[in-house]
Number of protein chains: 2
Amino acid sequence: MPLETGPVGTLDPLLPIAPQLFRLLRHRIVHNDLRPGHRISETEIAREFGISRQPVREAFIKLAGEDLLAILPQRGTVVCKISYAAVLDARFLREAIEADIVRILSSAPDPAWIAEMRAQIAAQRSAMTGPQQAFFALDDSFHRTLAGAAGKNGAWRLIEGLKSQMDRVRFLSLAHFPVPNLIDQHEAIVDRIEAGDVAGAERHIRDHLREILKDLPVIAAESPAFFDLPAGGIPDPVNAPVTGGDHP
Amino acid sequence: MPLETGPVGTLDPLLPIAPQLFRLLRHRIVHNDLRPGHRISETEIAREFGISRQPVREAFIKLAGEDLLAILPQRGTVVCKISYAAVLDARFLREAIEADIVRILSSAPDPAWIAEMRAQIAAQRSAMTGPQQAFFALDDSFHRTLAGAAGKNGAWRLIEGLKSQMDRVRFLSLAHFPVPNLIDQHEAIVDRIEAGDVAGAERHIRDHLREILKDLPVIAAESPAFFDLPAGGIPDPVNAPVTGGDHP
DNA sequence: AATTGATTTCTAGTATGGAAGTATGGTAAG
DNA sequence: CTTACCATACTTCCATACTAGAAATCAATT
């Protein structure tokens, strides 16, 4: 995994500091160690790590680019709330992209990649009894493998940025996600890819990526303080327009 | 248009400098005023605009995030060549996203938006005789309108980032793009949306966004110095795996 | 007591100085 | 003529100092 390597919590002074700090703070925010609305200042972080403000500032700017921090000039910097709309947007984009990835795969199935995916699914089942975060890592790996198998590693880089918004929800309420179901869905996707069933594979990946729509309203209702909700309260995103995967 | 506003070439010292400089340099790179491979330094740019190196540095970091600059620690900063692979990746992602956008639109056509799109197409035809850059602006506006009509303005923000890679190609060789054809394609897309023909609308937007595949090899062969080509020379991207829009 | 005003104390933004590392050009040795 | 070496002139990166502006605190006034 290119990102998120190494222990999270310390900085190696020999390596460039700003990118390290960026990953570290990003990890803290996505895992809700830094809570939405919490104010942090460049000075404070600089003191905590014994570095100057400059690399902190650069990390802040990059985090603001992912909508994880809001920098208010001359006023302060706050951890963004989880934008309900942004989560839905990110999910929509992921579905669109991964649907096409799966179409590529199923239109020309590669036995070597199929074997790799099945091995990963086996690992996912083994991780079912362990901590849920372990499954999430394997889940990421699975989806990244899909992209890689389709020759779209560049696409995964983009998805990683989108995923940060969705991950904040994921780590906010680990209990809500039906891991066994998700693994079954992974298996169904690979089955349809192996069978060369383009429409079927597409339908399954789209359904898979719509799972979060069921849980999001529940989680948002549980922790409204963490969310930036649209006017009118929590909408029912399941009623969002159908976007594909349902052709005859 | 949120980005690229104001005159390009001067900085307002009253406003935050770093974001202004970012947009300005981005414009120069995308329009190939700064050529691929050209070396620039923080000091040089700082002198040119009479500012300090720090905001320059921050602009550089953001440009590196869009793969427009490559910052080599302690060695220098160069304008990235146009990555052939990145252009293909960006195009793939755009197709996936806009295909789903068009599916939303055609599954529930809105007369008001249809009228807006038709008006824009008329404006495009008027701009056919003028400079080609004027058409490009209208083309962007059209696609942005599609996203907005589907309630996916957030998606357009992402596409804008992807588009910078494709725009570099576009501005590199204005002559190659068959503007009348593109406008006809726009019209066909809107026709299918209005008719509620989901599969047809999807097929047309995908074909539309594949136009660049025809021109890219030609442009790359004309200006190989501007491109970062994969090993083995210029591939034929038209033979890339089919990714959708061709169901029965 | 409530309100207005000045002051103090925070913030991010910018400027500048120094440290570490790399490429380059010249010089001396083989 | 070729090669190894060293000094120099760059580069980015980090640290520090300073500026401008916003918010909060406290005092004076009504």
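The shown structure was predicted, so the numbers you read here are calculated from the model rather than taken from an experiment. Note on naming: letters A, B, ... go to the chains in the order of the sequence lines (proteins, then strands), and numbering restarts at 1 for each one.
With distances taken from any side-chain atom of R75(A) to the nucleotides dT12(D), dA12(C), dA23(D), the minimum falls on dA23(D). Side-chain atoms of R39(A) lie closest to dT11(C) of the nucleotides dT16(D), dT14(C), dT11(C). Of the candidate nucleotides dT14(C), dT11(D), dG13(C), dT14(C) has the atom nearest to the side chain of A18(B). In the set dT12(D), dA15(C), dC13(D), dC13(D) carries the atom at the smallest distance from any side-chain atom of R53(B). Among the nucleotides dA12(C), dT22(C), dC13(D), the one closest to the side chain of P73(B) is dC13(D). Counting only heavy atoms from C-beta on, E42(A) has its side chain closest to dG13(C) among dT12(D), dG13(C), dA15(D).
R57(B) places its CZ atom 12 Å from the C1' atom of dA15(D), with the value rounded to the nearest Å. Between the CD1 atom of I45(B) and the C1' atom of dT11(D) there is a distance of 14 Å, rounded to whole Å. L15(B) has its CG atom 21 Å from the P atom of dT19(D), to the nearest Å. In this entry the distance linking CD1 of I51(A) with C1' of dT16(D) reads 14 Å, nearest Å. Atom-to-atom, CD of Q74(A) to C1' of dT9(C) comes out at 14 Å; the value is rounded to the nearest Å. One interatomic measurement links the two molecules: CD of Q54(A) to C1' of dG18(C), which rounds to 14 Å at whole-angstrom precision. Taking atom CG on L63(B) and atom P on dT12(D), their separation rounds to 13 Å, with Å as the unit. Whole-Å rounding puts the I17(A) CD1 to dT16(D) C1' distance at 14 Å.
Looking at Q120(B) and Q124(B), their side chains never bring a donor and an acceptor atom within 3.5 Å of each other. Checking H176(A) against E222(A) by side-chain atom types alone, a donor-acceptor pair falls below 3.5 Å.
Of the listed residues (H208(B), K163(B), E160(B)), just one forms a side-chain hydrogen bond (donor to acceptor under 3.5 Å, both in side chains) with H143(B), and that residue is H208(B).
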Item to complete: Might you work through the salt bridge (Lys or Arg N to Asp or Glu O under 4.0 Å) test for E58(A) and R57(B), ending with a clear yes or no?
Response: CA-CA 9 Å; E58(A) 289 167 14; R57(B) 174 170 170 72; 2.7 Å; yes
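With respect to the salt-bridge test (charged N to carboxylate O, under 4.0 angstrom), the residues E211(B) and K214(B) qualify.
Nucleic acid contact class of I61(A) (heavy atoms, under 4.0 Å, all strands): none.
The shortest distance between the side-chain N/O atoms of S52(A) and the OP1/OP2 oxygens of dT16(D) is not below 4.0 Å. Between dT11(C) and T77(A), no contact under 4.0 Å exists linking OP1 or OP2 to a side-chain N or O.
Of the two residues contacting DNA chain D, namely G76(B) and G50(A), the nearest-nucleotide position lying further toward the 5' end is that of G76(B).
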